Structure formats: structure tokens, C-alpha cells
Amino acid sequence: MGKTLVHKILEEHLVEGRLVAGEEIAIRIDQTLTQDATGTTAFLLFESMGVERVRTDLSVSYVDHNMAGFGPENHNDHLYLQTVAARSGVYHSRPGNGICHQVHLERFGKPGATLLGSDSHTPTGGGIGMLAIGAGGLDVAVAMGGGPFHLQCPKVVGVKLTGKLGDWVAAKDIILRLLGELTTKGNVGWAVEYFGTGARGLTVPQRATITNMGAELGVTTSVFASDASTQRFLTAQNRPQDYRPLAGDKDAVYDRVIEIDLSALEPMAACPSSPDCIQTVRAVAGRKVGQVIVGSCTNSSFADLMMVARVLKGRRIDPMVEFAVAPGSRGVLNMLAANGTLADMIAAGARILESACGPCIGQGLSPADGTVTLRTFNRNFAGRTGTKGDQVYLVSPETAVASVLSGVVTDPRDLSQKMGITYPKVVMPRQFQVDDSMIEPPPPPEQARAVQVLRGSTIVVPEAPPALPATLVGQVLLKCGDKITTDHIMPAGTFLKLRSNVPEYAKVVFNCFNEPGKPTFAQRSLELKNRGVAGIIVAGESYGQGSSREHAALCPMYLGVRVVIARSIERIHRANLINFCIVPIRFADPADYDRLQAGDEFVIDDLLDAIRSCDEVRITKRDTSFAFTGKLELSARDRDILLSAGLLNYTRSQAHG
Ligand code: MIC
Ligand code: SF4
């Protein structure tokens, strides 16, 4: 029986378990990446593990999220990250060098290697044939220390791409089409493998757009074969030696197969406010647009921006549209500057942003009230832009540029038909301009030991979770609905700079549910915590989708939350909950969700015993008016972590044990 590529790479890295879908396995991690918004915590936790130097083949620390520098927090973080990287044997990509996923793809990604990153879009690396997985910072810290990564062996959906993309139809449209079919819910425990003639015809950056947004599907990872296209990309990046051909077997058996004919595909859009709210651009065409932004780790490659620049050359953007472009890496920006296309974009009216996450993570360019904004990004969760009631459409660079010229949502194919603009075919350069001077390699061990790690006053070591009680008495602090994202739990935007300071950042947990004049979630939680009552969060389906930010577990834990009871919980967030000793519980009967109210008090008798050995807990209302069953669904390691009061303690006890 033929093997999938996913299973081949897993097999090469397997250190524990069997490659049977659904079973827990552990794999060796070759490379890690961290970014500044999750990296400070990851490194603080890494330091408290007591490991002197990373034990991976390669670890890179990027600075790309927190760049605006209002107040000292961002710069404090950057200096901490720079010095702790040097001290720990980690490469440091300086602010301005680009978005982690784009830079990693260009400069470090290797076919067949495993990559664990403290950012949910780490699977971008699947575009170059890596097995790249997003995780919480603590999991990445453990991997940096040489520990294996534990995961559920995924089922594999094979996506067979046939045909060829037509003019003005983009890689983004492929993944948006797939999101329309698979949605953002219910894909936990799956991986996606792309194959077929259509896949072979895509460049590495196009593939990376697709694997990047696998994060929105909620799958563990997405991967393309490593083939001639991969070899061309690596050669153009001066890294031909990193090429290795790899593919799933011709007779590979997938758990499910989906076929997409690229020739029949049309431009698509994810409508407000979920990445799976998919329509054709035709269906939403004509809506007035107030802002267009091209950038983010999904669509900021050289080819994406060259296409945009060529369309704009000699033209002006619509006067009522604000237009911004954020090149994904300094390499891309340098090349656009050198070949003159940057000037074409500026002449057309573009605002050039630095090579960073920027507006994608709510760092500026919040749209005006009631404005439609078109972005080539990967997430359009309500409020993520920083504007309440925002209306974000996620589209390809082709649709973005068509709309910026006309001032209304425009199917880019109409540019040819109505405006006589022919599709600018951009071929990937045979040679990228390579300049790694903003990437600092780590010094050798003896010099590293002498590096003084700089810790500004805004960098606070996070508290370790307390042990769980034998019997838990708790109150429902919040009852929320389906698809609660980590942006709901822990807002980014203007609060992002608080990532290194849990007591401060915790003040805005569930900020979007706070009402003026009433105590905040944080205040209510701390009040309960002081009375010795545990906080409980009740949620519907797909709780914790979106980012890998472990602050969505760490800060609630700090506030005294000990249990989340939900209809379902997304993979990375569930792992983060366990890592910070919050017990994830699934309703055995989803209908019980309707019986719970905020303010209800519950008792979970013998919680510790259940964690030790059972799959179920009995949860009884404190006034004994009703009881229901919750499913724990913990692996043996999950149980040990919860019983050890979290992953950090667990790792320390393993090391000494
Ligand atoms: C995001 O896109 O939400 C982020 C910011 O990149 C996050 C990580 C974070 O919260 O720092 C992610 O996707 O994991
Ligand atoms: Fe940065 Fe946005 Fe990509 Fe997250 S999704 S890594 S914020 S560009």
C-alpha cells in the first residue's frame, strides 16, 4: 500500500507511537521558529527549563509582529529576543527583515524536515515540502530543548489539483475554494496533502499561500511534494544543496480525496467575518471599497507584488480608496526597489508599509466605520482590524488590485474585458537577490555564555500554574457560542505589546464581551479566584480557533480559570490549555450546553482521580438540581501534564527524573 508524503516524513521523525490515525505519536523536530508576539514567553519558559543551548538543527527567532514601538514594550522585547537568541544558540531575524513565514520559506525551509513554530501559520513551510506545524510557545520551547513534539497522528485528505489556473485566478482562490468546502470547523486531526498535475504547475510561493491558510481549516499541517518547482525556488535562493525530491507514492491511500479543477476555478472571496464565508468575487462585485491592503504571510511574495505593480504601472488608484502594500520580506522589498516596480506602486498611490505583519495583526490601518476593506490576508475575524463592526473580505492580490483601481469589489477578469489590461504573467526570477545581513547567526558556545540577556522592566516571567484540586468547585464565568477565536479570548491590536507581561495583558481577557459600567471578565475572575472558586468557561463548537497564542490559556489561567467545557476545542488551543493546566472537557451530550448559564456553580468530584484514570467526569450543579457528563479524551501524556500542574513542571520533572 502506497504511503502519503505526510506519513513518510512522520515516519522519518517518529520517536514514539505508531503511525495510525488518531493515535498519539511523538516526532523529532529539526527546526523551530518563534516570533516576537509569542517568542518572549517561549524564551522565558525556555530559560526556566534550564537548557543552555538549543538542541535542534536550527532555531530562528523572528521579530515581525510588534513593531510600532508606542512605549518601551516593543523595543524591550526586541532587545530581550536578540540577546537571549545569541545566548541560546538561535538565529535572530531582526525587525525589518520580514514576516517569519516568508523569510523562513526563503532562507531556511528544507524539504523533508520537520518545523515547529509558535505561530499557527507555520504550515506555510509545507509549500517547500516540510512537515511544518504550529504550536504554543511552550511546546516550541520544549522542542528547542531537544524534546520531541507530541501530536495525534493525522488522517490525510488528498487534494488532487488538475488543470491550470486561468489568467487572473490565483493560488489564494484555490485555498478559499477549499475553505468553502471544508470550513473552519471539524478538521482537527487531519492533514492536507496536495498532488496532481495542477499542484506540479504551482510555484513554491503559490503553494505556500495555500499551505499557509491550512491554518484556517484547523488542520495539523498541509504539504506539497518537493519537485522541480521546489528545486527552482531553492536554487534561486542560492540554496540548491537543500533540495531533496519527495512525494507521496503514486498509489498512496488517502482517508479522503477532494478534486479541484484549476481551469474551472474563479476568483473567490472570504466575506465578513470568517475565512470560510466563501463567495465568488462575481457574487459580491460592485460593493464600494474604502481600503485595500496587499501583504501578510499569505500573499506578499515577489511574484504577488510584481503582478500588482505591473497592473498599477502608469495608472492611479481610486481616490476614495486607501491602499497599502506590505512586502513579506526585506528580500522582496529590495528586489522591487532595484527593478523600479516599487516606484510604480508609489506613483499609483500606494502606501508602502514595512516588511512585517502590520495591519494583519491590528497594528494600524484600522478601517473607517462601516468601510469595506479588501485584504490579501488569511483572517477576517470580527474586530481583528481594530474597528468594531469591520467588514473584511479576504481576496487574492489580483482581486485586490482590480478593486483598488475601480473603487468597488471587482472580478479581476473584468480588467481584461472592460479595461483592456492584459494579465501580467510574472515568472519567478532565476535568481533572488539574497542578503542575510539582518539575520544574526548565534555565536559559538563560549562566546554565547558571555552574552548578557537584556530584560526591560516590561518583561515579566509568567507565573506557573497551581496544582489542580482533588475536587473542583467552580463558577461559569462566561458562556459563549460557536467559533470563539483566540482573538476573542486575547485581543491583539493595541494590546499586543503586553505579550511579555501576563498580569497586564490578563486585564483584557475576553475584552469583546465586557460591557461598559459592568465588572470586566478579569475583575470577576480575580474576585472568584480570591474566594478559592475556580473559573469555568462554557463554549460551543470550535472553541479556540485561530492563532497559536498561548496567552489565550496563560492569561485565563492567571485569572483562575481551571476548566473549559465546550462542544469542541481546536487542536493548538486545546494543547495550550493542557500545557497551562486548564482542563479541556467536551460535553458528552452536546445538548447539555443549553442547560448551562453564566453564574452557575458546579462541582467536579474526584477530578484528579478522573484525570489519572478515566475518560469521563461527572459535573454536578452545586444546588444538585442537575448533573451531566463531560468527556476528557486525554492521552497518557496529557494526563501526566495536568497532574504535574502544567507542561513546564512536567518537563522539569522528566529532566530530573
Ligand atoms: C495571528 O495571526 O493571529 C498571529 C498573531 O500570528 C498568531 C500568533 C500570535 O497570536 O502571536 C498566530 O497565528 O499564531
Ligand atoms: Fe503575521 Fe498575520 Fe501572518 Fe499572523 S497571519 S504571522 S499576524 S502576517
Side-chain angles (χ1 to χ4, degrees), residues 33-42 61-68 74 77 81 93 95 98-105 116-125 132-140 175 184 208-209 211-218 270 275 293-301 304 324-329 353-365 375-381 383-386 392 394 485-493 495-500 505 544-555 570-573 575-576:
L33 76 76
T34 46
Q35 39 87 340
D36 54 307
T38 53
T40 45
T41 326
S61 164
Y62 293 90
V63 179
D64 52 3
H65 281 65
N66 259 320
M67 308 276 287
N74 294 175
D77 285 354
L81 289 171
S93 171
I99 306 174
C100 54
H101 309 301
Q102 176 74 24
V103 178
H104 206 86
L105 194 74
L116 193 72
S118 66
D119 189 285
S120 61
H121 291 105
T122 303
T124 310
I133 303 177
L138 185 47
D139 279 318
V140 178
I175 185 65
T184 59
T209 293
T211 52
N212 173 281
M213 280 192 84
E216 277 52 66
L217 293 167
I293 311 181
V294 177
S296 93
C297 55
T298 319
N299 274 121
S300 56
S301 68
D304 282 344
V325 177
S329 71
L353 308 181
E354 65 181 327
S355 296
C357 301
C360 178
I361 191 61
Q363 301 296 289
L365 277 100
R375 299 173 168 215
T376 64
F377 304 172
N378 48 38
R379 289 190 172 144
N380 58 349
F381 303 145
R384 185 171 155 101
T385 61
V392 183
L394 305 175
T485 70
T486 49
D487 281 81
H488 291 108
I489 309 171
M490 263 338 316
F495 303 113
L496 193 65
K497 68 175 188 178
L498 302 174
R499 282 286 173 88
S500 315
Y505 197 26
Q545 62 170 250
S547 125
S548 66
R549 60 190 75 155
E550 62 197 338
H551 296 80
L554 180 52
C555 293
E570 291 298 304
R571 176 186 68 88
I572 302 180
H573 186 60
N576 284 335

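For ligands, and for the atoms within them, numbers begin at 1 and follow the listed sequence. The shown structure was predicted, so the numbers you read here are calculated from the model rather than taken from an experiment.
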Among protein heavy atoms, which sits nearest to [atom], and what does the distance come to when rounded to 0.1 Å?
atom                    : value
atom 1 (Fe) of ligand 2 : Cys357 SG, 2.3 Å
atom 2 (Fe) of ligand 2 : Cys360 SG, 2.3 Å
atom 8 (C) of ligand 1  : Gln35 NE2, 3.2 Å
atom 9 (C) of ligand 1  : Arg499 NH1, 3.4 Å
atom 6 (O) of ligand 1  : Asp119 OD2, 2.7 Å
atom 3 (Fe) of ligand 2 : Cys297 SG, 2.3 Å
atom 2 (O) of ligand 1  : Arg384 NH2, 2.8 Å
atom 10 (O) of ligand 1 : Arg549 NE, 2.6 Å

*Under the side chain to side chain contact (heavy atoms under 4.5 Å, CB included) rule, what do Thr38 and Arg499 come out as? Steps first, then yes or no, please.*
CA-CA 7 Å; Thr38 53; Arg499 282 286 173 88; 4.2 Å; yes

Heavy-atom distance under 4.5 Å between the side chains of [X] and [Y], does that happen here?
X      : Y      : result
Pro275 : Phe381 : yes
Arg571 : Ile133 : yes
Ser300 : Val294 : no
Thr124 : His104 : no
Asn576 : Leu554 : no
Ser296 : Arg375 : no

*Where do Leu365 and Leu353 land on the side chain to side chain contact (heavy atoms under 4.5 Å, CB included) test, with the steps shown first?*
CA-CA 10 Å; Leu365 277 100; Leu353 308 181; 4.0 Å; yes

_Polar contact flag for Ser118 and ligand 1 (N/O pairs, less than 3.5 Å)_ =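 There is no such contact.
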
Could you list which atoms of ligand 2 come closer than 4.0 Å to a heavy atom of [X]?
X      : result
Ser296 : 8 (S)
Ile361 : 7 (S)
His101 : 6 (S)
Asn378 : 5 (S)
His121 : 5 (S)

With atoms numbered from 1 as shown, which atoms in ligand 1 lie under 4.0 angstrom from a non-hydrogen atom of [X]?
X      : value
His121 : 13 (O)
Ile361 : 3 (O), 5 (C)
Arg379 : 1 (C), 2 (O), 3 (O), 12 (C), 13 (O)
Ala37  : 11 (O)
Ser548 : 12 (C), 14 (O)
His65  : 4 (C), 5 (C), 6 (O)
Thr38  : 9 (C), 11 (O)

Hey, is [X] touching ligand 2 through its side chain, its backbone, both or neither, going by heavy atoms under 4.0 Å?
X      : answer
Asp64  : neither
Arg379 : neither
His65  : side chain
Thr298 : neither

*Out of Gly117, Gly362, Ser120, who gets a non-hydrogen atom closest to atom 14 (O) of ligand 1?*
Ser120

*How far apart are the C-alpha atoms of Ile361 and Arg384, what are their side-chain angles, what is the distance that settles it, and do they pass the side chain to side chain contact (heavy atoms under 4.5 Å, CB included) test?*
CA-CA 7 Å; Ile361 191 61; Arg384 185 171 155 101; 3.8 Å; yes

*From the options Asp119, Asp64, Thr122, select the one residue that forms a side chain to side chain donor-acceptor pair (under 3.5 Å) with His101.*
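Of all the options given, the one that passes is Asp119.
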
*Option from Arg549, Gln545, Arg379 for which side chain to side chain donor-acceptor pair (under 3.5 Å) with Ser120 holds*: Arg379

*CG on Leu217 to OG1 on Thr211, rounded to 0.5 Å*: 11.0 Å

_How long is the straight-line distance from CG of Leu33 back to SG of Cys100, given to the nearest 0.5 Å?_
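Atom-to-atom, Cys100:SG and Leu33:CG are 5.5 Å apart.
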
*Quick one: does Gln35 get within less than 4.0 Å of ligand 2, heavy atoms only?*
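Contact absent.
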
*Would you check, one step at a time, whether the test side chain to side chain contact (heavy atoms under 4.5 Å, CB included) holds for Asn66 with Gln363?*
CA-CA 8 Å; Asn66 259 320; Gln363 301 296 289; 3.9 Å; yes

*Is Met490 in contact with ligand 1, taking contact as a heavy-atom separation below 4.0 Å?*
no

*Could you check Asn212 against Asn378 for side-chain hydrogen bond (donor to acceptor under 3.5 Å, both in side chains), going step by step and ending with a plain yes or no?*
CA-CA 8 Å; Asn212 173 281; Asn378 48 38; 3.1 Å; yes

*Would you say the side-chain atoms of His551 and Thr41 include a donor-acceptor pair closer than 3.5 Å?*
yes

